[in-house]
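To keep things clear, I will list the structure first and then write my remarks on it.
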Amino acid sequence: MVEHNGMDITSLNKYTSDPAVHPGPAKVKDVFIKGWSDYPERTSRVLSAQYGLNLFIMGSSLMLAFSHEGTPIHEEHVMVFMSGVMIIQILWMLWYALKRVTVQRGVEQDIDVHAGPWYIRAGLTVLALLSLCLDILRVGYYVGHRVCLDTRFGLFAFVKFFHTASQIYFLWFHVCDVVMGLETFERFGVMHAIFTNLIVWGNGVMVESDHYLDLALAFVNFTVDAHAPDCNCSSGICIAYTKSVYYLYPFNVEYHVIVSAILFCMWMNIGQVLIHQTPRGTTKVKPVAVIIGPVLGMLAICSTIAVLVIYLSKMGGNTETRDWAISVFYIYGIVMLFSMSVASIVGLLLYRMDHSPLDNLQITPRGLDAQLLFATSMGAWLLSWCSIVAVLANPTYESYRWTNFTYSLLMVLQKYVQNLFIIEALYRSAGEGATEPPSQVFSVTTPDASQNGAVNPAFEQQEADASPDPNIPTGPNPERPSPDFLRVKQEALKNVSIFLLLCNVSLWLIPAFGCRPQYDNELEQETFGFEMWTTLVNIAMPVNLFYRMHSVGALFDVYIRV
């Protein structure tokens with residue numbers, strides 16, 4: 001009995017001392033490293049995303065501290081921080097470009113054609129050129145005041161210029177790359193670039209909110225002692241800078257936030273696998289047929305410029321003149337929003353008139369477009385519902401009360417139906433009902449979608465459509481739309497998309513250049529209080545500006561796809 005128990009104990013001790021059950025320190029380390037390396041993509045995504053968020057929060061903390069009066073944080077501290085993060089991004093972009101030229105010379109580079117279409121990059125180039133003009137004027141301004149300004153301001157001016165120039169080069173030649181090597185390091189680099197642009201954008205928005213674009217001097221808020229003789233500007237470029245900053249500033253702000261969105265697509269594509277998509281061809285549309293949309297859109301832009309001039313010129317008058325200018329704006333807005341809502345509904349109905357299949361292929365930029373449309377719509381929706389509440393809460397307020405109410409309701413409706421139209425158009429199969437031969441393009445999917453026998457439904461459907469069934473007799477299909485119907489439909493959709501595009505440009509111009517009745521309207525201030533309402537407008541207005549600019553890019557994509 002004793003021997004039996006002893007044998008059991010010996011056997012038990014041998015079992016429990018097995019390294020497979022209780023590994024030693026070396027085995028524990030191997031298991032931990034193997035478990036960590038089993039999910040390299042997920043780990044690097046989480047780490048780089050947290051790095052970017054903390055970088056943005058750090059910059060926001062400095063800017064919020066600087067905005068407080070009497071704080072020990074001064075503008076030169078913010079400038080040094082922003083210069084530092086921009087220099088890091090410039091060095092990373094330089095390293096990335098050199099690596100592509102030297103290390104991977106002769107190797108075919110995978111690209112995602114959806115990540116940065118040529119027209120998006122062309123639009124960004126225009127914004128970048130306008131930003132470079134502002135940067136050059138800023139450098140000249142600092143050179144003219146170099147005697148009385150800290151050298152750190154001059155450093156920021158030069159760094160900002162080189163950052164804008166090098167970044168537009170990177171966007172043209174590398175933003176569509178699908179990185180497959182050094183993925184962790186590249187994720188950190190791209191994420192750093194994303195939040196660097198968001199920091200610059202956030203600082204610009206803060207300055208705009210503080211000064212209503214009238215007293216904004218780009219990204220700095222310094223004051224020069226007018227009584228000091230050494231602080232007189234030694235060059236006429238200073239006057240040119242102070243006069244042009246009002247007009248160039250909105251383009252500079254929009255440039256950085258759009259760049260961050262495009263870089264996010266590049267970050268999402270790192271380590272992904274390219275798959276082939278074979279879309280159908282497109283029915284040719286005669287250019288002469290696309291005339292109604294551009295004409296009505298240009299009419300909208302002309303009326304926008306007229307309203308902008310009236311508003312800015314009359315707001316300095318007496319109370320009656322100010323109320324008249326605000327009423328003119330609301331009437332203009334009602335007409336614009338109603339027309340855009342009708343156009344969006346017409347476009348949506350045109351897509352629903354036939355039963356063409358949706359394109360279910362997972363494309364990162366397209367999914368990001370839809371998410372950004374919904375997220376940025378909340379800015380205008382917030383202001384609109386606050387205005388509706390203010391109108392209903394002040395029944396005795398007579399001046400422009402019901403025009404404000406109608407304008408706010410139409411703003412909610414217009415964004416609602418426009419988002420539906422854009423997303424419906426982006427997810428339609430390219431070239432539905434086409435008559436031309438197909439062309440091959442590429443898109444990005446996750447690695448799991450191309451392994452283990454996974455099937456892409458959209459691709460399989462396209463192959464099925466391209467391969468006729470021999471058991472089915474050939475002949476006219478009564479359910480298939482006629483070529484004439486498809487041509488008329490595409491002509492109408494192109495007119496709708498270009499009209500909405502120009503209208504969104506108009507609605508971006510109005511607030512970007514100072515026509516903001518939300519600041520001048522006393523109705524909402526009486527309901528929510530001056531501080532609360534100003535805070536809401538300062539938060540929602542930049543988001544709404546980005547929505548309009550993003551809608552322009554999405555609608556141009558719709559115009560190309562139709």
Side-chain angles (χ1 to χ4, degrees), residues 29-60 85-86 88-93 95-97 99-100 103-104 109-116 120 167 170-171 174-202 256-275 360-376 442-452 454 456 546 550:
K29 181 179 179 181
D30 294 340
V31 171
F32 177 78
I33 294 176
K34 183 178 184 300
W36 183 271
S37 62
D38 284 341
Y39 307 97
E41 180 181 354
R42 182 183 306 172
T43 301
S44 61
R45 280 177 180 266
V46 173
L47 290 176
S48 60
Q50 292 183 108
Y51 164 76
L53 289 173
N54 278 278
L55 180 67
F56 182 72
I57 293 173
M58 184 193 312
S60 302
V85 295
M86 285 191 290
I88 294 175
Q89 181 187 346
I90 293 173
L91 293 176
W92 174 79
M93 291 188 295
W95 175 86
Y96 182 92
K99 185 191 72 171
R100 291 298 181 197
V103 179
Q104 299 187 1
Q109 177 66 47
D110 293 335
I111 61 172
D112 178 15
V113 296
H114 301 279
I120 297 295
Q167 185 167 249
F170 182 84
L171 292 174
H174 298 294
V175 76
C176 295
D177 293 350
V178 179
V179 180
M180 302 302 295
L182 297 176
E183 297 174 9
T184 301
F185 182 78
E186 302 295 2
R187 281 195 175 93
F188 275 88
V190 178
M191 187 57 67
H192 179 88
I194 292 171
F195 282 97
T196 296
N197 282 275
L198 287 178
I199 288 172
V200 178
W201 170 78
H256 288 287
V257 69
I258 296 176
V259 167
S260 63
I262 294 180
L263 288 172
F264 181 77
C265 295
M266 182 181 181
W267 181 79
M268 291 291 294
N269 286 341
I270 294 177
Q272 303 304 302
V273 177
L274 283 177
I275 62 173
N360 296 319
L361 190 64
Q362 295 182 358
I363 300 176
T364 300
R366 185 171 61 185
L368 180 62
D369 284 340
Q371 295 170 6
L372 287 176
L373 285 174
F374 284 123
T376 55
F442 300 96
S443 61
V444 175
T445 185
T446 58
D448 294 339
S450 61
Q451 298 173 358
N452 303 325
N456 188 299
F546 176 70
H550 180 64

Atom of [X], atom of [Y] and distance for their closest heavy-atom approach:
X    : Y    : value
V190 : L263 : CG1-O, 3.3 Å
V85  : H192 : O-NE2, 2.9 Å
I270 : R187 : O-NH2, 2.8 Å
S260 : I194 : CB-O, 3.7 Å
E186 : Y96  : OE1-CD1, 3.4 Å

Note, [X] side chain near [Y] side chain (heavy atom, < 4.5 Å):
X    : Y    : result
M93  : H174 : no
L372 : F546 : yes
H550 : D369 : yes
V200 : M86  : yes
F170 : Q89  : no

Distance in Å, L171 CG paired with I120 CD1, rounded so as to fall on 0.5 Å steps: 11.5 Å
Inter-residue atom distance N197.CG - Q167.CD, 0.5 Å rounding: 4.0 Å
Parallel, tilted or perpendicular: ring planes of F56 versus F195, cut at 30 and 60 degrees: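 It falls in the tilted class, 30° to 60°.
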Ring geometry between F185 and W95 (parallel below 30°, tilted from 30 to 60°, perpendicular above 60°): perpendicular
